[in-house]
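Predicted, not measured: the structure shown is a model, and the values here were computed from it.
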Amino acid sequence: MAEEKKERYYPREIEPKWIEKWREASTYKASDFDKRQKKYVLVEFPYPSGFGLHVGHAFAFTGGDVLARFFRMKGYNVLFPMGWDAFGLPTENYAIKEKRRPQEITRENTTRFKEQMQRMGLSFDWEREINTTDPDYYKWTQWIFIELFKKGLAYKAQMPINWCPSCKIGLANEEVINGKCERCGAEVTKKNLEQWIVKITDYADRLINGLEKTNFVEKVKAAQINWIGKKEGAHINFPVKGKDLKIRVFTTRPDTLYGATFMVLAPELSSLSELTLPGQKRAVEEYIDQAQKKTELERTELTKKKTGCFTGSFAINPINGKEIPIWVGDFVLSSYGTGAIMGVPAHDERDFDFAQKYGLPVIPVIEPPENDWDFSKSAYTETDRGTTVNSELWNGVTPTEAIKLAIKYLEEKSIGKKATTYHLRDWIFSRQHYWGEPIPMVFCEKCGWQPVEEKDLPVRLPPVEEYEPTKTGESPLASIKDWTMTKCPSCRGKARRETDTMPNWAGSDWYFLRYIDPKNNQSLADQKKLKYWLPVDIYIGGDEHNTLHLLYSRFIYQFLWDIGVVPKEEPEPYYKRVSHGVILGLDGQRMSKSRGNVVNPDEIWEAFGADALRVYLMFIGPFDATMVWSQESLEGVYRFLKKVWNLFLNQVSEKETEAKLKRKLHQTIKKVGEDIGNFKYNTAVAAMMEFANSWQASGNLSRSDSLLFLKTMAPFAPFLAEELWSRLGEAFSIHATSWPEHDPKLIEEERVVIAVQINGKLRETLEIDFSLAKNKNEVEERAKKSEKVEKYLKDKELKKTIFVPGKLINFVVS
RNA sequence: GCCGUGGUGGCGGAAUGGUAGACGCGCAGGACUUAAAAUCCUGUGCCCUUUAAAGGCGUGAGGGUUCGAGUCCCUCCCUCGGCACCA
């Protein structure tokens, strides 16, 4: 760009100058086994898209950077690494469109991202850079998969994918828009493929219990627990009338068994064909056909519009021999429970809606406490109040007690038993795409599925002519015959390679371990180094990753713990998880190319410099909030930095600082330090602004005090801080100095303002010496002398006086 | 639908149950200037009032607890995020 560059308050050369100095001096290097205490600050690594760094990235990374810099100044040995989660669809699609190699595109994108990050002054330790698409990295991703397989945690099963019959390719959920193919608009159907599945459900309880050892924010814990969705209840077997067949249902409410008036099966259930009577065959098949086109979300939403179809068969309620009709309904999911439910419309809202729609009977078996419930209007679902009725074997108790009695009875009679189900499902691990880690498995007619031998890892992605998925639904790798043909690792006979690749999550599950030992070619990371650095002290990431990524990652870690790859002392990988917020475009919408509301950090950097961009991002709002970009506020921050710059150049001298300003300085040091530790960056910046205003008004700051203030600025504005530090004649680098300590004696105010309230309403304020403000009698006496207060106390009875030392006095009168 | 988040001036936001609106933006007035930009100073929740004093109202809506509620409890409304093949 030959355009003339806008003036800044500081010479432009200082940014590249300090970037180079920091690199040369390895200012941000994390040293293994250092004697100092360690801190591992992790920010989710980005997918290096072709659009370059996004302000959302800039925001999250700066948040981590401020913390990392603060911890370094606090004397910690800080690991603050960065890398690339570079496998994925966008690159693959771009490669298809441009007919270029994804490897090349990825290299370009990561180069650009890195440059942008460095320009922003982010203090990553670049010696530990990793890339999930690097064969030396994905060798270990593949190794983990083989270990999972060896422990029986990876298996093959038929699973449906989204299939576009017109393009003849599999589609990601994202590429299905309202049930139609994003590319051609054709109706998307399902196609069953043999896929690798990873048994994360084996770890369900551990993934819940392990949270106790962490310090995640509550909403993240809740997200994980809800996602796993552990529910206790019972399996109950219902015989089918006239058939030698039993249907097993799962219910959390076995106490309502007497109230079951129908049964609903998921459309995918294979036993359906056997159950459907000839007269109903057509209707049921049609219904199943329709249901398959819907997504799970569509099936479970819109409560009022539940649909179903009668199969013609009846089940027999094992508790009382009653016949109940068997329906098929798509609000029942095959992936949850047993794929079959007993319908108890009196005590379940979904069952109630279904019964209403199809005129099925409602039999109450729990009497609500007030006994005024209208069972024709809604279901009664409480379990802690109410009494069981119409339930021969367990009448007259609360539902909670009845659940226990019911399970006991069911188990005694072998018609059912206690059971737990989870919302969490096993993890579909296969993708029919090119740009992912090849799944390192080989199929032999004689020996079945065999893992590739460790010495042959990594299984590298071979060059391929076409990156398009094949018309059969297989990945493009399937078309490379001499690659797929191989030898069986077991019998050395002819065998065929797996051609599916791994999901994006595979590489990001364990990346934080690789930063600890990025170049190790003996193992994924050295035990001693892991022991030194783990756990991750703070993991900063987006809410959108609080379930999938975080859960998968914890699962893989727990698995690695089981097989002894990670230290026994650390059963959980992340000590603390913090969510960062989202920055919306000027229109209040999420930034996206198509909306045209994307703010490009490069332009901001160009116009205002790295420090202004950083400080603005930290000032815009609370770190975990949703915020709207504002150019005007950015300019305000730029003015603040300019003001600070000029104050340092013009208002620093050897003269001692005025007492009042000195007090403000120490208050600011205290507040900024506390706020950084609590991720309250916005108020930390506000405090520094307040100090700059006071400094400006007061005139002079002593040289030594100015250095203290500069240190508080350093984590936020590293360039400005380093440059002024050097201009004040201090030795390189401010970022290697220690955080200033505030003097507690200096921060106390001499005079304070006491609020005087009458019946809780503010009526007067008193300015009073700090030493007297804690004395109740003194304050009360002075308050009563005030005319304003007197007015309110006159002719009233003083009932009570509430005194908060140093803050407030409240007279309660009547 | 389920789960989660949030709702405070013209705007972004601040406030251990204790003076609501810090800080920033914007706006208004002033200083400097031939003028502008930049910078500095002053003011700025709303209503009544010429102004001021004094007062009243005010944190999505409605109730409650409390000497005192933006903050705690209950009911409701709305916003935003996630929902398993986007990462």
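Residue R763(A) has a polar side-chain atom (N or O) positioned under 4.0 Å from OP1 or OP2 of G56(B). Phosphate contact (OP1/OP2 of C85(B), side-chain N/O of R431(A), threshold under 4.0 Å): present. At the phosphate of C83(B), neither OP1 nor OP2 sits under 4.0 Å from any side-chain N or O atom of Y336(A).
Taking every heavy atom of both residues into account, F250(A) and G337(A) meet most closely at CB-CA, 4.2 Å. Between D611(A) and L641(A), the shortest heavy-atom distance links the atoms C-CD1, 3.6 Å. Summarising the geometry of G63(A) relative to M618(A), their closest heavy-atom pair is N-CE, 3.7 Å, with the distance given to 0.1 Å. Minimum heavy-atom separation, G542(A) to E44(A): N-OE1, 3.2 Å.
Nucleic acid contact class of W227(A) (heavy atoms, under 4.0 Å, all strands): base. Residue T801(A) is out of contact with every strand shown, counting any heavy-atom pair closer than 4.0 Å. Counting any heavy atom pair closer than 4.0 Å across all strands shown, E349(A) reaches no nucleic acid atom. At a threshold of 4.0 angstrom between heavy atoms, the contacts of K221(A) with the nucleic acid are absent. No contact: F51(A) has no heavy atom under 4.0 Å from any strand. Nucleic acid contact class of L634(A) (heavy atoms, under 4.0 Å, all strands): none.
For H545(A) against A87(B), a side-chain N or O and a base N or O form a donor-acceptor pair under 3.5 Å. For H423(A) against A84(B), a side-chain-to-base donor-acceptor contact under 3.5 Å is present.
When the P atom is used for both G9(B) and C77(B), the distance is 22 Å, rounded to whole Å. A14(B) and C23(B) have their P atoms separated by 14 Å, given to the nearest Å. Taking atom P on both A54(B) and U59(B), the two are 23 Å apart, rounded to the nearest angstrom. Between U71(B) and G58(B), the two P atoms lie 14 Å apart (nearest whole Å). Between the C1' atoms of G70(B) and G13(B), the separation comes to 14 Å (whole Å). G1(B) and C73(B): their P atoms are spaced 24 Å apart (whole Å). Look at the C1' atom in both G29(B) and U34(B): the space between them is 22 Å, to the nearest Å. Taking atom P on both nucleotides, G62(B) is separated from A69(B) by 15 Å, rounded to a whole Å.
What separates NZ of K190(A) from P of A84(B) is a distance of 10 Å, to the nearest Å. In this structure, K800(A) atom NZ and C67(B) atom P are separated by 5 Å, rounded to whole Å. The CD-C1' distance, from Q432(A) to C86(B), rounds to 16 Å in whole Å. Distance Y616(A) OH to C11(B) C1': 11 Å, rounded to the nearest Å. Separating the CG atom of D353(A) from the C1' atom of G1(B) is a distance of 11 Å, rounded to the nearest angstrom. Atom-to-atom, CD of Q224(A) to C1' of C83(B) comes out at 14 Å; the value is rounded to the nearest Å. Regarding H54(A), its NE2 atom lies at a distance of 17 Å from the P atom of A87(B), rounded to whole Å. Nucleotide U42(B) holds its C1' atom 14 Å from the CD atom of Q696(A), rounded to whole Å.
For A692(A), the side-chain contact (heavy atoms from CB on, under 4.5 Å) criterion is met by F640(A), K643(A), V644(A), L647(A), not counting sequence neighbours. The ring pair (Phe, Tyr, Trp, His ring centres under 6.0 Å) search around W435(A) returns F87(A), not counting sequence neighbours.
A 6.0 Å sphere centred on NZ of K774(A) holds no more than 12 heavy atoms belonging to other residues, nucleotides or ligands.
Here C85(B) is the nucleotide among G55(B), A87(B), C85(B) with the atom lying nearest to any side-chain atom of N162(A). For T547(A), counting side-chain heavy atoms from C-beta on, the closest listed nucleotide (A54(B), G82(B), A84(B)) is G82(B).
The 5' end of RNA chain B is approached more closely, in terms of each residue's nearest nucleotide, by V582(A) than by the other of V582(A) and F45(A). Of the two residues near RNA chain B, L548(A) and F811(A), the one whose nearest nucleotide lies more 5' is F811(A).
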Taking only N/O atoms, report every protein-nucleotides 57-59 of chain B pair under 3.5 Å with atom names and distance.
none

Give me, pair by pair, the N or O atoms of the protein and of nucleotides 3-10 of chain B that are less than 3.5 Å apart, along with how far apart they are.
{"residue": "C3(B)", "atom": "O3'", "partner": "N226(A)", "partner atom": "ND2", "Å": "3.1"}
{"residue": "C3(B)", "atom": "O2'", "partner": "N226(A)", "partner atom": "ND2", "Å": "2.8"}

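In this structure, I540(A) and F679(A) have side chains that are in contact, with non-hydrogen atoms separated by less than 4.5 Å. Residues K800(A) and F811(A) are not in side-chain contact: their nearest non-hydrogen atoms beyond the backbone lie 4.5 Å or more apart. Within the 4.5 Å cutoff, the side chain of L53(A) has heavy atoms near those of the F61(A) side chain.
Under 3.5 Å, the side chains of T201(A) and D426(A) contain a donor-acceptor pair of N or O atoms.
For the ring pair (Phe, Tyr, Trp, His ring centres under 6.0 Å) criterion with F45(A), the lone passing option out of F512(A), Y511(A), W84(A) is Y511(A). Considering F59(A), Y681(A), F716(A), W629(A) as possible partners of Y616(A), the one that fulfils the ring pair (Phe, Tyr, Trp, His ring centres under 6.0 Å) test is W629(A).
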Contact pattern, 5' to 3', of nucleotides 13-26 of chain B - B, S or - by protein heavy atom under 4.0 Å: SSS--BB--BBSSS
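A donor-acceptor contact shorter than 3.5 Å links the side chain of S694(A) to the backbone of E690(A). Side-chain N or O atoms of W695(A) include one that pairs as donor or acceptor with a backbone N or O of Q651(A) at under 3.5 Å. Although no hydrogens or angles enter the test, the distance criterion places a donor-acceptor pair under 3.5 Å between the side chain of T683(A) and the main chain of K680(A).
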For RNA chain B, the dot-bracket pattern of Watson-Crick and G-U pairs whose distances stay under 3.5 Å, | for other-strand partners: ((((.((..(((.....[....)))((((((.......))))))(((.......)))..(((((..]....))))))).))))....
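In G58(B) the base sits anti relative to the sugar, since the glycosidic angle is further than 90° from 0.
Atoms NZ and CH2, from K156(A) and W196(A) in turn, are 6.0 Å apart once rounded to the nearest 0.5 Å.
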